[in-house]
Amino acid sequence: EVPEVNGPAADVEQQAREQEMATLRRKFLVGAVLSTLVMVGSMPEWVPWWPAILTNHLTLWALTTPVQFWVGGQFLRGFIKALRHGTADMNTLVTIGTMAAYLYSVGVTLAPQFFSVEGIHVAVYFETAAVLITLIVLGRWLEAKARGRTSEAIKRLLGLQPKTARVRRGGEEVEIPVEVVRVGNLIVVRPGEKIPVDGLVREGHSSVDESMLTGESLPVEKSPGAPVVGA
């Protein structure tokens, strides 16, 4: 059967896609703001005029936490799901990398003396986790937008297909839904009409606009034996 171009299923799919893009856009904007604050606050020597409270490790922790667990929540959920199935994917890589930087920085924030006693340079890497998650969410958002444009293009192509075909039966022309057209049917296409289904020309000469398939703007001449494409 011909896919339903406009209908409840298409509306639900479009709403879900728009909701996904809106969520990713919102997460990216929040992540971009917080990540910028964290990144600048992690480099006080570059911006000496930056407020001291925004360079405090506790503040950086507070700013990074929503990025780690809300903006990047989809990666954490994907990691847990993959872990349950004993597999690994991109979510695993992102989660392990960012959580390592995040948890190490939390440890340095809560117990800096432990690291200094061990001879480890006391430094936090909250900006690494925050910026990485934000950039990956940006990529997911752009990917979702690209998928949306592709889906709309496919729907427009499906919308070009006629709903009925004029079939010659017993010397008469009968208009039937394209869903019931069978191999061997002789279909009549009048000048200016769309070709309902794929087939071969049996009689007549004409030119067909195939620009949606080939990109060729000039009509293509068709004669007996030539293939034609539906819509």
Side-chain angles (χ1 to χ4, degrees), residues 4-44 46-47 49-85 87-110 124-159:
E4 193 69 29
V5 178
N6 296 312
D11 292 339
V12 170
E13 179 187 356
Q14 183 176 2
Q15 290 176 1
R17 186 168 58 250
E18 291 177 351
Q19 183 177 1
E20 178 190 11
M21 288 190 293
T23 299
L24 289 172
R25 179 178 180 272
R26 184 165 56 252
K27 286 188 174 184
F28 166 69
L29 293 177
V30 172
V33 172
L34 295 179
S35 297
T36 301
L37 295 174
V38 173
M39 184 172 62
V40 177
S42 300
M43 305 174 182
W46 288 17
V47 281
W49 47 267
W50 197 251
I53 190 174
L54 294 179
T55 64
N56 184 278
H57 288 178
L58 290 174
T59 302
L60 297 178
W61 180 13
L63 293 173
T64 305
T65 298
V67 179
Q68 183 72 44
F69 295 102
W70 182 70
V71 177
Q74 58 184 319
F75 307 123
L76 182 58
R77 290 191 296 272
F79 167 68
I80 295 174
K81 184 181 297 184
L83 194 63
R84 289 174 178 172
H85 292 85
T87 60
D89 55 15
M90 184 65 179
N91 295 311
T92 305
L93 178 63
V94 174
T95 301
I96 292 178
T98 58
M99 286 298 291
Y102 177 81
L103 293 177
Y104 175 82
S105 300
V106 170
V108 170
T109 301
L110 296 178
V124 295
Y125 300 96
F126 287 119
E127 79 284 356
T128 301
V131 172
L132 182 59
I133 287 176
T134 301
L135 290 178
I136 296 177
V137 168
L138 172 61
R140 292 287 176 91
W141 176 35
L142 296 177
E143 179 186 4
K145 291 179 67 175
R147 287 202 313 267
R149 287 194 294 268
T150 301
S151 298
E152 291 300 322
I154 293 174
K155 286 182 179 181
R156 286 195 294 270
L157 285 174
L158 291 174

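Index from 1, following the sequence.
Of the residues Glu20, Met21, Arg26, the one that meets the side chain to side chain contact (heavy atoms under 4.5 Å, CB included) test with Leu24 is Glu20. In summary, of the residues considered (Val67, Val131, Val106, Val108), a side chain to side chain contact (heavy atoms under 4.5 Å, CB included) with Phe126 occurs for Val106 alone. With Thr95 as the partner, the side chain to side chain contact (heavy atoms under 4.5 Å, CB included) test is satisfied by one option alone out of Leu76, Leu83, Ile80: Leu76.
One N or O on the side chain of Ser42 and one on the backbone of Val38 form a donor-acceptor pair closer than 3.5 Å. With hydrogens and angles ignored, the 3.5 Å screen pairs a side-chain donor or acceptor of Ser105 with a backbone N or O of Tyr125. Distance alone, capped at 3.5 Å, is enough to place a donor-acceptor pair between the Asp89 side chain and the Thr92 backbone.
Residues Phe28 and Val137 share a closest heavy-atom pair of N-CG1, 4.0 Å. Across Leu54 and Leu60, no two heavy atoms sit closer than the pair O-CD2, 3.4 Å. Considering all non-hydrogen atoms of both residues, Ala32 and Thr36 come closest at O-OG1, 2.7 Å. Counting all heavy atoms, side chain and backbone alike, Trp50 lies closest to Gly41 at NE1-CA, 3.9 Å. Closest non-hydrogen pair, Pro66 versus Leu34, comes out as CG-CD1, 3.7 Å. The minimum heavy-atom distance linking Phe75 with Ile136 is given by the pair CZ-CG2, 3.3 Å.
Atom CD of Gln74 sits about 9.5 Å away from atom CD1 of Ile133, to the nearest 0.5 Å. With rounding to the nearest 0.5 angstrom, the CD atom of Glu143 is 5.0 Å from the CZ atom of Arg147. In this structure, CG in Leu142 is found 4.5 Å from CG in Leu138, a value given to the nearest 0.5 Å. For the atom pair CG of Leu132 and CD of Gln68, the computed distance is 9.0 Å after rounding to the nearest 0.5 Å. With rounding to the nearest 0.5 angstrom, the CG atom of Leu135 is 7.5 Å from the OG atom of Ser35. Between Thr64 atom OG1 and His57 atom NE2 the span is 11.0 Å, to the nearest 0.5 Å.
Side chains of Trp61 and Val124 form no contact here, defined as non-hydrogen atoms less than 4.5 Å apart.
Other residues, nucleotides and ligands contribute at most 12 non-hydrogen atoms within 6.0 Å of the CZ atom of Arg25.
Donor-acceptor pairing under 3.5 Å is recorded for the side chains of Thr65 and Tyr102.
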